[in-house]
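Computed from heavy atoms alone, side chains included, the values below leave out hydrogens, waters and symmetry copies.
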Amino acid sequence: MSLKTKLTILFVAFTLIPLVIFGSFFYLQARSILQAVRIAQLNNIADLKKDKIETFFDERRAEIRSVQNFLNVKRNLPLVSLLPGDETSAAYATALRELDGQLKPFQTDNGFLDVMLTDRQGRVVYITNDLHKTADIGKPLPDRHVYEEGARGIYFSDIMVSRSPGTTYEMFAAAPIKDLKGNFIGEVIIEIDMGPIYLFIQDATGLGDTGEALIARQEGNGALFLSPLRYELGAALKKRVTFNQSAGFPAQRAVQGENGSGITLDYQGKEVLAAWRYIPFLRWGLVTKIDAEEAFAPITRLRWIFLIVGLVVLSMGAFVSLMIAGTVTRPIQSLQKGTEAIAAGDLRHRVGTGANDEVGRLARAFDSMAEALERDIAGRKKAEGEVQALNEELKHHVRQLEETNKELEAFSYSVSHDLRSPLRSIVGFSHALLEDYAGKLDAEGRDYLNRVVAATQRMGQLIDDLLKLSRVSRLEMSRERIDLSAIAQTIAENLKRGHPERAVDFIIAQGLGAYGDERLLTVVLENLLANAWKFSEKNPETVIEFGLTKAGGEPAYFVKDNGAGFDMAFADKLFNPFQRLHHAAEYPGTGIGLATVKRVINRHGGRVWIEGEAGRGTTVYFTL
Amino acid sequence: MKTKVILLVEDNPDDVKLTLRALKKSNILNEVVVAHDGVEALDYLFGTGAYAGRDTRVVPQLVLLDLKMPKMDGLEVLHRLRADERTKLMPVVVLTTSSEDKDRVESYAQGASSYIRKPVDFEQFVRAVQQLGLYWLVLNEAP
């Protein structure tokens, strides 16, 4: 993740977290306050409606009580109970007239649908509403339960569908009538139109656009809605909710005698705020409710405002943090690009910044570093180029030198070779002269010829040695593991065999191996051991040693004798061809041996040096 | 097979003379035929050129062959000899001044019977010739 992203996320998080915390806190707080207010409103309305309903029925009770006390009724009820429907009797007609005179205005004035009287058995014997008269007179009350309850005191029946025209729902109120002696003589039954009370119940004032009030009663294991519902107009006396349903919870609680309020589901299964009350004498449950959506609408609006404000703040925060992160990381990015460019080899790249903060200082330090690096590398490249040029030149020289050397070798070889032929003729014919014509020469002549022979023989030897030296340089070299001790042993034995009269003690260290060319290293050991042998021939007892020692930290082989030795002042010269420290008469030789040794050792990449002291022996060391 | 002929193939007249002297000194009295280059040697052996009509049944007992010669060098002569049925098994001793390993190895590869380097010292040369004659003319049995 880039620094810029991190910074942005950090910044946004710092904006977002308090925003979310405070927003949520305020929202929940506001919501709970609003809920309390709404519930209180619903409770108030429910209580108000309950009071109003009770007042309404208290008034009806008062009216019924006045009928109970009418003397007219107490006197005439027994008369109309005797001859129901028989209008021929004068007493019946008088009684009827008297009752009509009082009860008909009573019905009309109070807005009742009907006022009826029953006899003691519950048979309808009087009806104010003429429309009902022919159908009901002389018959028992359709609902026996009303009669039974009415016999005990004022009783309000359940609501039912009205049979009167222009009225939808009605209920009966029943009350006992007693004569002046206090004997039960029948009942007064009043048919009440539910219209006005429903109008009042359904009044949704204070319940907003979605609220309503309704009534219900218990029926079996459920609640039956009694009033037309706002969302189901034909539901009165038809719609039921059972107690195990989640819908219609407030009605369920109310019909079971509870008072309360809360957030719950209505008969539609919708979330509502509701208050519920029970009215015992009517066996009604009263519910006032409002949709939660409407109730919380202000807070929902608030929530939207919060969200929008939050989003605006957040995006502004994100934008600002992006800007800030950009400002902070841009110089770092250009620094990073600079590092990459330089790593990729573009040493002329500069970050370049005017900023005076830490990053700016870092960028300037980086630029001066790049400058130094560029200078340094340029210098180094130049030096490298020079070294390469020198190297090329050197290689060229080496090639030239090698070529020259080869030419020289070839030349010396062919010269040596071709020189031998005439030499052989000189020697051969000098010999022939000495043998065949010795008599014709005097002593001096023979001496001269002998000198010619000796000189040419010596020259032959020189040429042979030169050839050997050149061969050592020209031979193809192979490298393999070889046993130097075994080679030295063989050479020593050959030397002893050649001169069995000499007492020479060879001390050869066993198991000295080396990695090199067997033929060439054999030549080396032959030369060194032969030298040791030769320069110690004047010793009565000779010790020649071949072994391994340490010289300057590296292993060095050595051949040591206790012979004539030499003056160390000449040590360097000894490896030059034809360089000798002794007269030929003293020790024979051509001075080629050590030169040959040096060439072989050089070809092996080793070093060779010599140590000695006149009269005390010589040691030759070599490394491979 | 009354006389045992030696064929000396040598271009240098000095060397011819010295070799003949060395042979004489070594008491090798065989007839010596001298060929002065490779071509002449082959003519003699196969009865061609200057030697046309020679009785080629007279086969040299020993060939002494120099390597460095004009016209045809010793190695070529050796190669021709070994390629021919008649001279395939003939003893040929390479007698040369060369001490090169290359020459020696090549000579043996071409089927030289011996390889002897002429020493500068005449006495040594006489000794060498003596031993050579003793071996190839006396001890050695012809194939």
Do A/Arg502 and A/Thr542 pair up side chain to side chain, a donor and an acceptor below 3.5 Å, judged on atom types alone? yes
Report the relative orientation of the aromatic rings in A/His499 and A/Trp533; use parallel for angles under 30°, tilted for 30 to 60°, perpendicular for over 60°. tilted
Any donor and acceptor pair, going by atom type alone, linking the side chain of A/Asp517 with main-chain N or O of A/Ser478 inside 3.5 Å? yes
Steps toward salt bridge (charged side-chain N to carboxylate O under 4.0 Å, His left out) verdict (A/Glu403, A/Arg399): CA-CA 6 Å; A/Glu403 232 159 84; A/Arg399 272 197 298 276; over 6 Å; no
Indicate whether any N or O donor in one side chain lies under 3.5 Å from an N or O acceptor in the other, for B/Gln131 and B/Tyr135. no
Examine the side chains of A/Asn602 and A/Arg599 and answer whether a donor and an acceptor come within less than 3.5 Å of each other. no
Polar side-chain atom of A/Thr456 near backbone of A/Leu423 as donor-acceptor pair, under 3.5 Å: no
Tell me, out of A/Arg420, A/Arg424, A/Glu435, who's got the most heavy-atom pairs with chain B below 4.5 Å. A/Arg424
Relative to chain B, which segment of A/Ser430 carries a heavy atom at a distance below 4.5 Å: side chain, backbone, both, or neither? neither
Tabulate, in ascending numerical order, the residues of residues 109-123 of chain B having at least one heavy atom closer than 4.5 Å to a heavy atom of chain A, or enter 'none'. B/Arg117, B/Lys118, B/Pro119, B/Val120, B/Asp121, B/Phe122, B/Glu123
Of the listed residues (A/His431, A/Met459, A/Gln461, A/Gln457), which shares the most heavy-atom pairs with chain B below a 4.5 Å separation? A/His431
